[in-house]
Amino acid sequence: MKQVVILISGRGSNMQAIVEAQIPGARIAAVIANRPDAAGLAWAAERGIATVGLDHRAYPSREAFDAALAESIDAFSPDLVVLAGFMRILGADFTARYAGRMFNIHPSLLPAFPGLHTHRRAIESGCKLAGCTVHFVTAELDHGPIVAQAAVPVLDEDDEHSLAARVLKEEHRLYPAAVRAFVEGRLAVDGLRVRQIG
Ligand code: GAR
């Protein structure tokens with residue numbers, strides 16, 4: 001059984017999608033949030049999943065928070081760490097520690113629109129397609145080998161909220177599928193390219 005630790009900052013709808021997918025061979029060992037009041041923590045706790053709230057504001061530096069976070073994660077011996085709407089920038093030591101075993105989901109078709117306000121930027125740029133990306137986490141923000149992507153149309157009448165909702169629906173399908181591929185050992189990484197095997 002592969003142990004999966006999921007990191008969230010807020011509502012945790014991607015975390016919920018992964019939990020509800022009941023991926024064979026995967027156990028959600030814990031859900032950890034950098035905000036103790038993150039709504040997703042209560043949802044996970046109600047389902048009997050171990051939860052940890054680690055308030056980043058209680059730490060004097062990014063390094064101190066990263067160290068405490070790593071300690072908390074490692075207590076669950078994860079095979080895979082899943083960032084699901086985890087809105088903290090992580091230091092290079094932290095990303096190196098989980099190299100090859102940490103995923104993030106980003107609401108754009110990377111490498112377009114790393115960072116914040118992705119939907120607004122896609123609309124303002126006149127994109128006809130938007131989407132989401134699951135990628136391995138590296139030290140570079142919203143960069144790293146791309147595991148899977150899904151695209152949706154940008155409609156003439158879209159604003160950032162309607163586009164975000166259309167993309168989020170795809171995130172909820174894409175992320176569990178990507179976690180499942182990892183758990184089944186079907187991902188081969190070659191530089192920035194990831195092939196699905198088997
Ligand atoms: C999701 O849309 C996710 O892609 C995005 O935050 C949202 C979290 O929603 N992540 C990022 O922007 C990371 N750069 P959720 O808490 O309901 O899963």
Side-chain angles (χ1 to χ4, degrees), residues 4-21 23 28 30-47 49 51-56 62 65-66 69 80-92 94-95 98 102-125 127 129-154 158-180 182:
V4 178
V5 169
I6 305 178
L7 271 54
I8 64 170
S9 294
R11 69 186 163 187
S13 72
N14 276 288
M15 174 274 294
Q16 294 179 23
I18 292 167
V19 169
E20 287 177 339
I23 298 163
I28 309 306
V31 175
I32 301 175
N34 65 311
R35 294 182 172 277
D37 60 350
L41 277 187
W43 185 93
E46 278 165 20
R47 279 148 190 86
I49 299 169
T51 59
V52 181
L54 211 59
D55 192 343
H56 65 270
R62 188 177 298 286
F65 173 70
D66 280 5
L69 182 60
L80 179 66
V81 177
V82 172
L83 307 185
F86 187 70
M87 305 304 275
R88 293 289 301 167
I89 290 178
L90 297 162
F94 187 94
T95 55
Y98 301 105
M102 183 156 64
F103 277 179
N104 180 43
I105 191 159
H106 184 74
S108 79
L109 292 172
L110 291 173
F113 310 123
L116 298 174
H117 310 301
T118 53
H119 305 300
R120 189 194 312 165
R121 289 156 66 203
I123 291 169
E124 284 173 0
S125 300
C127 294
L129 289 174
C132 51
T133 303
V134 176
H135 64 95
F136 282 99
V137 176
T138 60
E140 200 177 333
L141 181 69
D142 298 330
H143 200 74
I146 290 174
V147 176
Q149 290 185 308
V152 301
V154 180
D158 268 335
D159 61 17
E160 60 183 305
H161 303 292
S162 59
L163 181 57
R166 192 174 309 118
V167 171
L168 190 64
K169 215 169 150 206
E170 289 304 307
E171 294 185 42
H172 294 164
R173 188 184 58 74
L174 193 70
Y175 218 175
V179 171
R180 182 173 187 148
F182 181 94

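Whatever order the structure lists ligands and atoms in, that order sets their numbers, starting from 1.
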Completion exercise
Between the CZ atom in F86 and the CD1 atom in I105, the distance rounded to the nearest 0.5 Å is 16.0 Å

Handout entry: Nitrogen or oxygen of S13 less than 3.5 angstrom from that of ligand 1
Key = yes

Exercise for the section: Applying ring-ring contact (aromatic ring centres under 6.0 Å, His included), name anything that partners F113, two or more places apart in sequence or on another chain. Expected result: none

Problem - The single option from V134, D142, V81 passing side chain to side chain contact (heavy atoms under 4.5 Å, CB included) against N104 - result: D142

Exercise for the section: Show which atoms of ligand 1 fall inside a sub-4.0 Å distance from at least one heavy-atom site of E171. Expected result: 1 (C), 2 (O), 3 (C), 4 (O)

Problem - Part of M87 with heavy atoms under 4.0 Å of ligand 1, whether side chain, backbone, both or neither - result: side chain

Handout entry: atom 12 (O) of ligand 1: nearest protein contact (heavy atom, Å)
Key = P107 CD, 3.4 Å

Exercise for the section: Answer yes or no: is there a side-chain heavy-atom contact under 4.5 Å between H56 and R62? Expected result: no

Practice task
State if G12 counts as touching ligand 1 under the rule of any non-hydrogen atom under 4.0 Å.
Solution key: yes

Problem - Contacts of F182 that satisfy ring-ring contact (aromatic ring centres under 6.0 Å, His included) - sequence neighbours left out - result: F103

Handout entry: Closest protein heavy atom (residue, atom, distance) for atom 6 (O) of ligand 1
Key = G85 CA, 3.9 Å

Problem - Option with minimal heavy-atom separation from atom 7 (C) of ligand 1, where the choices are H119, Q16, R11 - result: R11

Handout entry: From T118, V152, L168, residue fulfilling side chain to side chain contact (heavy atoms under 4.5 Å, CB included) relative to L163
Key = V152

Exercise for the section: Any atoms of ligand 1 less than 4.0 Å from a non-hydrogen atom of H106? List them with their elements. Expected result: 14 (N)

Problem - Heavy-atom gap I105 to ligand 1 smaller than 4.0 Å - result: yes

Problem - Distance-only polar pair, side chains of H172 and S13, donor-acceptor under 3.5 Å - result: yes

